[in-house]
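Single-structure report; data block below.
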2 protein chains.
Amino acid sequence: MKNPETGETPHTASDVTSHVGYRLKRAHAALRGAMDRALRDHDLTVPQYACLEVLALRPGLSNAELARAIFVTRQSVNVVLRGLQDAGLVTRPDAVEHGRARPIHLTDEGLRRLRAVQSRVYALEARMIRDIPARRLRALLEDLDRMADALEE
Amino acid sequence: MKNPETGETPHTASDVTSHVGYRLKRAHAALRGAMDRALRDHDLTVPQYACLEVLALRPGLSNAELARAIFVTRQSVNVVLRGLQDAGLVTRPDAVEHGRARPIHLTDEGLRRLRAVQSRVYALEARMIRDIPARRLRALLEDLDRMADALEE
DNA sequence: GCCGGTATGTCAAACTCCTGACATGAAGAA
DNA sequence: TTCTTCATGTCAGGAGTTTGACATACCGGC
């Protein structure tokens with residue numbers, strides 16, 4: 001399976017723990033866990049933080065749009081959103097003039113909470129990639145997107 | 001933030017959707033969803049499949065060891081394991097001569113089910129990395145591990 | 001032998017996320 | 001207009017995951 005001359009690792013690995021899916025899961029789990037611990041101090045969960053981050057970037061998103069942005073279903077994000085709404089971090093109008101989609105916005109408190117945790121989350125990310133040269137990081141980001149694209153066809 | 005001359009992307013990105021965490025989540029979600037759909041035809045869930053795969057590679061693992069191998073808690077894997085046990089895909093002795101850890105083994109049926117789905121899951125993985133050169137894939141696997149290591153310190 | 005630290009298995013509660021299903025609203029075709 | 005199609009919001013159920021807590025079992029030094 002493996003060529004001892006070139007050190008080439010073919011796409012068909014012999015051990016599932018060397019598969020890209022396994023590594024992907026490991027890296028994701030490590031980041032998720034670290035974020036969980038960091039956000040707990042601020043009484044936020046990872047999905048809640050994800051919603052705040054996306055809403056700060058794209059205010060007025062609907063429930064369904066937000067769901068697509070963070071790669072979960074409408075139903076899932078709806079539950080998270082209810083929690084954020086109860087906590088006073090986001091607002092949704094009860095009715096809208098046109099259509100069913102109700103635009104979601106951060107409250108001042110929501111933006112404050114987001115700003116408060118961003119430094120910690122970003123520091124986590126910086127630590128994660130601290131030993132990866134910029135060129136390789138660029139390739140990494142590109143390849144991650146390429147992998148996602150290949151599966152979404 | 002970005003140098004237009006060299007095209008260098010610094011570690012501090014201006015947009016969270018360009019962060020490595022976001023890409024990681026996207027790629028992971030894409031694979032997870034594709035695996036979900038593929039495994040559904042065989043009446044298996046992703047965590048169940050993960051357990052079978054690891055147990056085939058390392059028979060006799062305990063509950064806690066299996067949990068570490070698939071990056072979840074003992075409690076989580078315990079629930080999954082109960083389902084697999086009820087389905088007759090794995091066995092655990094009711095008592096053991098020494099210690100509390102009970103070694104888990106695949107049944108013949110468990111191994112058969114695993115073999116039946118492996119081709120589909122591996123095909124998924126192959127599709128995911130089909131546009132990534134072998135050298136870059138090697139670098140990708142290395143960097144994913146490096147990221148996980150950096151967070152587990 | 002005894003005891004403290006470590007590892008394991010398990011229970012309970014809460015949260016996230018999914019699939020399936022249904023109702024509502026908008027847009028376009030017949 | 002009417003009907004079909006699509007997107008959205010929502011409810012219900014089930015599976016996975018986590019934290020917190022507790023009891024059990026080994027293993028080290030005392």
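Quick note on labels: first sequence line is chain A, next is B, and so on, each numbered from 1. The shown structure was predicted, so the numbers you read here are calculated from the model rather than taken from an experiment.
Residues B:Arg74 and A:Val72 both approach DNA chain C. Their nearest nucleotides, taken by heavy-atom distance, put B:Arg74 toward the 5′ side. Taking for each of A:Gly33 and A:Asn63 the nucleotide of DNA chain D with the nearest heavy atom, the 5'-most of the two is the partner of A:Asn63. For A:His98 and A:Thr73, each mapped to the nucleotide of DNA chain C holding its nearest heavy atom, the one lying further toward the 5' end belongs to A:Thr73. Taking the nucleotide of DNA chain D with the nearest heavy atom to each of B:Phe71 and A:Ala64, the more 5' of the two is matched to A:Ala64.
Remark: B:Ala29 engages A:Phe71 in a side-chain contact (heavy atoms from CB on, under 4.5 Å) (not counting sequence neighbours). A search for side-chain hydrogen bond (donor to acceptor under 3.5 Å, both in side chains) contacts involving A:Asp108 returns nothing, not counting sequence neighbours. Listed by chain and number, the residues in a salt bridge (charged side-chain N to carboxylate O under 4.0 Å, His left out) with A:Arg112 are A:Glu109 (sequence neighbours excluded). Applying the side-chain hydrogen bond (donor to acceptor under 3.5 Å, both in side chains) rule to A:Arg100 yields no partners; only residues at least two apart in sequence or on another chain are considered. In terms of the side-chain hydrogen bond (donor to acceptor under 3.5 Å, both in side chains) criterion, A:Arg40 has no residue partners (sequence neighbours excluded). For A:Thr107, there are no side-chain hydrogen bond (donor to acceptor under 3.5 Å, both in side chains) partners two or more places apart in sequence or in a different chain.
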Let me check something: any side-chain donor-acceptor pairs from residues 141-152 of chain B under 3.5 Å, sequence neighbours excluded? List them with distances.
| unit_1 | atom_1 | unit_2 | atom_2 | d |
| --- | --- | --- | --- | --- |
| B:Glu142 | OE2 | B:Arg146 | NH2 | 3.2 |
| B:Asp143 | OD1 | A:Arg136 | NE | 3.4 |
| B:Asp143 | OD1 | A:Arg136 | NH2 | 3.1 |
| B:Asp143 | OD2 | A:Arg136 | NE | 3.2 |
| B:Asp145 | OD1 | A:Arg26 | NH1 | 3.0 |
| B:Asp145 | OD2 | A:Arg23 | NH1 | 2.6 |
| B:Arg146 | NH1 | A:Asp131 | O | 2.7 |
| B:Asp149 | OD1 | A:Arg26 | NH2 | 2.7 |
| B:Glu152 | OE1 | A:Arg26 | NH2 | 3.0 |

Show me the side-chain donor-acceptor pairs of residues 80-87 of chain A shorter than 3.5 Å, one per line, residues at least two apart or across chains.
none

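A donor-acceptor pair is defined here as one N or O able to donate and one able to accept, closer than 3.5 Å; such a pair exists between the side chain of A:Arg102 and the backbone of A:Pro93. B:Glu125 contributes no side-chain N or O that, together with a main-chain N or O of B:Tyr122, makes up a donor-acceptor pair within less than 3.5 Å.
Salt bridge annotation for A:Arg120-A:Asp41: present, with a cationic side-chain nitrogen under 4.0 angstrom from a carboxylate oxygen.
Contacts of A:Arg37 with the nucleic acid, taken as non-hydrogen atoms under 4.0 Å apart, are absent.
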(request) Tell me, with the steps shown, if A:Ile104 and A:Leu61 meet side chain to side chain contact (heavy atoms under 4.5 Å, CB included). (result) CA-CA 5 Å; A:Ile104 311 166; A:Leu61 246 50; 5.6 Å; no

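Near DNA chain D, meaning a heavy atom under 4.0 Å from it, residues 75-84 of chain A has A:Gln75, A:Asn78, A:Arg82 in order of number. Across residues 39-48 of chain A, A:Thr45, A:Pro47 each have a non-hydrogen atom less than 4.0 Å from an atom of DNA chain C (numbered order).
Read 5' to 3', the first and last nucleotides of DNA chain C with an atom closer than 4.0 Å to a heavy atom of chain A are C:dT16 to C:dA27. Protein chain A contacts DNA chain D over a range whose 5' and 3' limits, counting nucleotides with an atom under 4.0 angstrom from a non-hydrogen atom, are D:dT8 to D:dT19.
To the nearest 0.5 angstrom, B:Tyr49 atom OH is 6.5 Å from B:Leu114 atom CG.
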